[in-house]
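Remarks on the structure that follows.
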Protein chains: 2
Amino acid sequence: MSLRYAVLASLLDGEASGYELGKRMDVSVVNYWRASRQQIYAELNRLHRDGLADARDELQSGRPNKRVYTITRAGKAALRDFTVQPSRSHAIKDELLIKVQAADIGDLPAVIAGLEMRHTECADRLEIYEHLIESYRRGRSEDDYLASARRIGPYLNLRRGRDFEKENLAWLEWATKALRNRLARTSPARAKRP
Amino acid sequence: MSLRYAVLASLLDGEASGYELGKRMDVSVVNYWRASRQQIYAELNRLHRDGLADARDELQSGRPNKRVYTITRAGKAALRDFTVQPSRSHAIKDELLIKVQAADIGDLPAVIAGLEMRHTECADRLEIYEHLIESYRRGRSEDDYLASARRIGPYLNLRRGRDFEKENLAWLEWATKALRNRLARTSPARAKRP
DNA sequence: GCGAGCATGTAAGTCGTTACATGATTCT
DNA sequence: AGAATCATGTAACGACTTACATGCTCGC
């Protein structure tokens, strides 16, 4: 049921088609709930059926037509009700960390390569967050922005995303170094007894 | 398919029954993949069926008997193969953050209360992580530990968990303050025009 | 006496992923 | 020529949650 409210919350940023929303709710932009396009299309239909979103068909030339959705008053009310409900702790699911957990028994060079790949992904996301934060602030100081902006929720989440990516980068570098040291000490020894 | 490897990785910490593993893989202890007990029972059965885990029944008095599982050679090989596969970026799913995103339209005091509740949860988890890190190190310095320990994967993940909880606490405090300021500025104004 | 912890599971239902289908346009 | 972007969806499958079932012991 959370997907429903994640989609509604995303519609607060303005009307959107399913496709656009799919990009908005991509890992690189949204750090509160990512969803696949197929999920979003289905949820938008349900939202419309339940009167929480209005839909209108926009005819386009040279590309397929699209359905543009807007959050309704009832949608906002439902979202408001949701904010009062207790939240369960987030789900922690990260394949890379399973590999780190099993690194000592696993293929060390492969795990290290995985950490490095994640590092570049994180760095890319960090850059996106930094740019978004800048474009939200438009020169204002943070306190200024928080005092004057119409909405601050998206900004709060953006900063969380940025801080987490930074933290993540630091950890990835540290963990990579630790596994590299281990590799240097264990693999020459193994090589001597084939 | 990742649950399978998460369970195998948890079995590297030693043999365990489904119930024990359920506690090991709880949010408070494991930060790489949390799973419900029902999921774990089912996965252990499959693991045993596929020869990746050995099972033995342990008769107990005064409490129900239990099935204790051990990872097999084939299980370790499967886990090793898994470490070579590419990892997808983790799933970001946090109900609380949806509420933060919608905070401006939602019930501000409720969102603030939610952040505070999460704060105590994080503080509790942080304490657990700190204690676990201490018990892993047993007085040794970090470099010393990383150089001498038989396995370092669990320690790397533990530090990640600790750092993330710390970061999280800082963000929660900052976001709470921002939403409190907003509440102070908006609710007296509203109260004047009923 | 009652809830919490120990211990394992089934069944039903919801949620989410992957593959497939279609088809024009623009970039490399 | 082939891939990527725009655009929406269906169908099948797999993952995950929630509720239910059972039953004994220990502490309050």
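Everything numeric here is computed off the predicted structure, so don't read it as measured data.
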By nearest-heavy-atom nucleotide on DNA chain C, the more 5' of A:Arg63 and B:Arg37 is B:Arg37

So, does A:Lys99 use its side chain to make a donor-acceptor pair with the main chain of B:Gln85 at under 3.5 Å? yes

Single-linkage hydrophobic cluster B:Tyr129~B:Leu172, side-chain heavy atoms < 4.5 angstrom: no

Taking CE from B:Met25 and C1' from D:dT17, how many angstroms apart are they, rounded to a whole number? 16 Å

I need the minimum non-hydrogen distance between B:Trp33 and A:Glu95, along with the two atoms involved. CZ3-N, 3.9 Å

When you measure from the centre of the six-membered ring of A:Tyr136, is the NZ or CZ of A:Arg138 under 6.0 Å away and within 45° of the axis? no

In whole angstroms, how far is the C1' atom of D:dT25 from the CG atom of B:Asn65? 14 Å

In degrees rounded to 10°, what angle is found between the helical axes fit to the five outermost pairs at each end of the helix from C:dG1-D:dC28 to C:dT28-D:dA1? 50°

Considering only heavy atoms from C-beta outward, does the side chain of A:Arg37 approach that of A:Lys23 to under 4.5 Å? no

Below 4.0 Å: OP1/OP2 of D:dA15 and any side-chain N or O of B:Gln39: no

Along DNA chain C (nearest heavy atom to each residue), the more 5'-positioned of B:Arg88 and B:Asn45: B:Asn45

Using whole Å, report how far CE of B:Met1 lies from C1' of D:dC16. 14 Å

So, is A:Tyr41 close to the D:dT8 phosphate, meaning a side-chain N or O under 4.0 Å from OP1 or OP2? yes

Mind calculating the distance between NZ (A:Lys93) and P (D:dA15) to the nearest angstrom? 10 Å

What does B:Gln38 touch in the nucleic acid at a heavy-atom separation under 4.0 angstrom: a base, only the sugar-phosphate, or nothing? base

Under 4.0 angstrom between A:Lys23 side-chain N/O and D:dC6 OP1 or OP2: yes

Under 4.0 Å, heavy atoms only, any strand: does A:Arg34 hit a base, just the sugar-phosphate, or nothing? sugar-phosphate

Supply the atom-to-atom distance A:Leu146 CG to A:Arg137 CZ, rounded to the nearest 0.5 angstrom. 8.5 Å

Should A:Ser17 be listed as having a side-chain N or O under 4.0 Å from OP1 or OP2 of D:dT8? yes

Have a look at B:Arg67 and say if it touches a base, only the backbone sugar-phosphate, or nothing, with a 4.0 Å heavy-atom cut-off. sugar-phosphate

Between B:Arg180 and B:Ala175, is there a donor-acceptor pair closer than 3.5 Å when you use the side chain of the first and the backbone of the second? no

For A:Gly18 and A:Ile40, which heavy atoms make the closest approach, and how far apart are they? O-CG2, 3.9 Å

Pairwise side-chain contact, B:His48 with B:Arg67, heavy-atom cut-off 4.5 Å (strictly under): yes

Using whole Å, what does the distance between atom C1' of nucleotide D:dT17 and atom CD1 of B:Ile40 come to? 14 Å

Using a 4.0 Å cut-off to any heavy atom of chain A, which nucleotides of DNA chain C are the first and last in contact, reading 5' to 3'? C:dC15 to C:dT25

